[in-house]
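Numbering starts at 1 and runs along the sequence shown.
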Amino acid sequence: TARVRLVVVVPPVFQVLRAAQTAEGYDYLFWTNMRSITIGGREYSFVRPGEHAVHVPAAPAGAWVVHGL
């Protein structure tokens, strides 16, 4: 007898299908094969991979972002 081991590596996919700016931020429609993604430091979890829509709130007016090296 012989043993055969098959390994399938599926790279993560994140494809934006539509993006729309609203007064409160952005609405995204995307397709992913992952169960969770992180956008703007916030994690979004899903029941199953596939097509999803999320709302990403905009930064408050007057907010400063400081980047350090």
Side-chain angles (χ1 to χ4, degrees):
T1 64
R3 293 184 185 198
V4 176
R5 183 176 181 195
L6 179 64
V7 177
V8 177
V9 177
V10 179
V13 176
F14 178 82
Q15 181 179 11
V16 176
L17 304 174
R18 184 177 60 218
Q21 186 175 9
T22 63
E24 298 84 27
Y26 291 90
D27 289 332
Y28 291 100
L29 177 65
F30 60 89
W31 187 93
T32 184
N33 64 351
M34 300 177 283
R35 288 192 177 253
S36 68
I37 60 168
T38 303
I39 301 175
R42 182 175 177 191
E43 184 177 8
Y44 296 91
S45 299
F46 314 109
V47 176
R48 63 184 188 284
E51 190 173 293
H52 301 283
V54 295
H55 175 76
V56 179
W64 288 82
V65 177
V66 179
H67 294 277
L69 298 176

What's the shortest heavy-atom distance between [X] and [Y], and which atoms?
{"X": "Arg35", "Y": "Val47", "value": "NH1-O, 2.6 Å"}
{"X": "Glu51", "Y": "Trp31", "value": "N-CD1, 3.6 Å"}
{"X": "Phe30", "Y": "Thr32", "value": "CE1-CG2, 3.8 Å"}
{"X": "Thr22", "Y": "His55", "value": "OG1-CE1, 3.5 Å"}

According to a hydrophobic-cluster definition based on side-chain heavy atoms being under 4.5 Å apart (Ile, Leu, Val, Met, Phe, Trp, Tyr only), do Val16 and Tyr26 belong together?
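Hydrophobic grouping puts Val16 with Tyr26.
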
Same cluster for Leu29 and Ile37 if Ile/Leu/Val/Met/Phe/Trp/Tyr side chains link at under 4.5 Å?
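As far as the 4.5 Å side-chain criterion goes, Ile37 and Leu29 are not connected within one cluster.
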
For Arg5 and Val7: C-alpha separation, side-chain torsions, deciding distance, then whether side chain to side chain contact (heavy atoms under 4.5 Å, CB included) applies.
CA-CA 7 Å; Arg5 183 176 181 195; Val7 177; 4.0 Å; yes

Kindly indicate, with the supporting measurements, whether the criterion side chain to side chain contact (heavy atoms under 4.5 Å, CB included) is fulfilled by Val56 and Tyr44.
CA-CA 10 Å; Val56 179; Tyr44 296 91; 3.9 Å; yes

Check the side chains of Glu43 and Ser36 for a donor-acceptor pair under 3.5 angstrom, ignoring hydrogens and angles.
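Present: a donor and an acceptor within the cut-off.
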
Can you tell me if Asn33 uses its side chain to pair, donor with acceptor, with the backbone of Val13 under 3.5 Å?
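Yes, Asn33 side chain to Val13 backbone: donor-acceptor pair under 3.5 Å.
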
May I ask you to test the Pro57-Glu24 pair for a side-chain heavy-atom distance under 4.5 Å?
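Pro57 does not reach Glu24 side chain to side chain.
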
